There are 2 protein chains.
Amino acid sequence: MGRWRPDARARLQEAALTLYGERGYEKTTVAEIAERAGLTKRTFFRYFADKREVLFWGSELLEQRMVAAIEAAPASTSALGLIGAALDAAAVRFEEVREFAGLRHRIIAASPELRERELIKAMSLTGAVTRALRARGLDDTAAALAAHTGATVMHVAFEQWVDDPSRTPFQQIARDSLAQLREIASTG
Amino acid sequence: MGRWRPDARARLQEAALTLYGERGYEKTTVAEIAERAGLTKRTFFRYFADKREVLFWGSELLEQRMVAAIEAAPASTSALGLIGAALDAAAVRFEEVREFAGLRHRIIAASPELRERELIKAMSLTGAVTRALRARGLDDTAAALAAHTGATVMHVAFEQWVDDPSRTPFQQIARDSLAQLREIASTG
DNA sequence: ATGAGTGATGTCACCTGGTGTCATCACACT
DNA sequence: AGTGTGATGACACCAGGTGACATCACTCAT
């Protein structure tokens, strides 16, 4: 073993998730998280900008994958087709973290402070998707509308997926939701 | 004059707006705001739940007025017509506070922490509008879609209105934006 | 092998947001 | 005159967050 136990960041994340789950976010102190990870409060703040961010580390990865999926789609793909590709990429990521997704989601839902943070992350993601769609030739309005639509579908599908006991894949739920929305849009 | 100078809340709001504008949100302490208002930090927190909330007090009023407008619309009004009525109500409110709107908007835009708070307020508003639309007989999906659409239009129109030197009324900008969206939706 | 970095961590002091608790005191009401 | 009452002040305290500096195992050039 090296000088320090490795994976300090992962240990902090795990400790935080456990403690937030056991006592709730507000009743957990950063010092407690750090102690459980065998570190100090100061080190916690070297890895995470604040007490909330420990639950959101890795969200850039989701963003990158969705943007990459949009960039990689065939040239003829329609706007909603691009959204579909991005949602498929999100599905892959979600399945990777399914183990923690339910607990994490419940923790966030229970705290206004964490919900605020989640919202701004979602906005950031929508902005990135909008830019990726513009880069694919969509005009500003169409890109923004499509990105927001994708965000709505992702949100709805996630809620359905996250605590689904039958473990239906996210991809399937998202595709169904998107198809449903297509129908509403075309018949309304 | 009574025992205390009246309008403690308004004094705190004004002091906060001024100081946030002069030094920025993060470099202003609550103690400074309170002092400028002739009060103490403890009293600040009796009027406002936290340092951010002082900029958002009154947002329930906007919500109430928009919901009331939806409730009061003629029975035959379409979904987008209800959104239009809600936007008209918002316009009235915005013109009432136009004097402070620009500064307030710039302060919020400059601080991630304040943008988080603004987002959650917007979500709360969208939720209230969704419920009001459901109460008017729209099904869940249609209500949510219409409310989100309204939120998008309001956001876009607000950005255009808030620092417009020619002082175009919000109502006009919002109506134009909504009409534009109707066109996009019907031709797309 | 050795001595000078290097980088992750610890230590400590500090500021500020936020809260609980009790004191104060002008006013109102009896 | 006496008794609330309600807005405010005073004070102590906790926890999130930061800056500055110390530590110390490891690396690498000489």
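As the structure is a computational prediction, the values presented were derived from the model and not from experiment. So you know, we letter chains A, B, ... as the sequences are listed, proteins then strands, and number each from 1.
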Pairwise 5' ranking along DNA chain D for A:R46 and A:K41, keeping only the more 5' one:
A:K41
Roughly how far, to the nearest 0.5 Å, is the OG1 atom of B:T130 from the CZ atom of B:R134?
6.5 Å
Could you check whether A:Y47 gets within reach of a base, just the sugar-phosphate, or nothing at all, counting any heavy atom under 4.0 Å?
sugar-phosphate
Out of C:dG17, D:dC11, D:dG17, minimum distance to the side chain of A:R52 belongs to D:dG17
In residues 105-122 of chain B, what residues come within less than 4.0 Å of DNA chain D, judged by heavy atoms?
none
Determine, for A:E53 against A:R117, whether the closest basic-nitrogen to carboxylate-oxygen distance falls under 4.0 angstrom.
yes
For D:dG9, does either OP1 or OP2 sit under 4.0 Å from a side-chain N or O belonging to B:T43?
yes
In this structure, NZ of B:K51 is separated from OH of B:Y20 (nearest 0.5 Å) by 5.5 Å
Give a yes/no on whether any side-chain N or O of A:T40 is located under 4.0 angstrom from OP1 or OP2 of C:dG10.
yes
To the nearest Å, give me how far apart CZ (A:F44) and C1' (D:dT18) are.
14 Å
In whole Å, what is the span from the OH atom of A:Y25 to the C1' atom of D:dA15?
11 Å
What I want to find out is whether A:E96 reaches A:R93 closely enough, with some N-O distance under 4.0 Å, to be called a salt bridge.
yes
Between atom CZ in B:F45 and atom C1' in C:dT21, what is the gap in whole Å?
17 Å
Taken to the nearest whole Å, NZ/B:K27 to P/D:dT18 is 14 Å
Side chain of B:K51, base of C:dG18: donor and acceptor closer than 3.5 Å?
no
Given atom CZ of A:F48 and atom C1' of C:dA8, what is their separation to the nearest angstrom?
15 Å
Let me spell it out: for each of A:R42 and A:T28, pick the nucleotide of DNA chain D with the closest heavy atom. Which residue's pick is nearer the 5' end?
A:T28
Starting at atom OH of B:Y20, determine the distance to atom P of C:dT16, rounded to an integer number of angstrom.
14 Å
Decide whether a cation-pi geometry holds between B:R104 and B:F56; the criteria are a distance under 6.0 Å from NZ or CZ to the six-membered ring centre and an angle within 45° of the ring axis.
yes
Whole-Å distance, A:R9 CZ to C:dT9 C1', equals 15 Å
Output for pair (B:I108 CD1, B:L103 CG), nearest 0.5 Å, gives 9.5 Å
Whole-Å distance separating the CD atom of A:E26 from the P atom of D:dG16
11 Å
Between B:E22 and B:K27, does any side-chain N to carboxylate O distance fall below 4.0 Å?
no
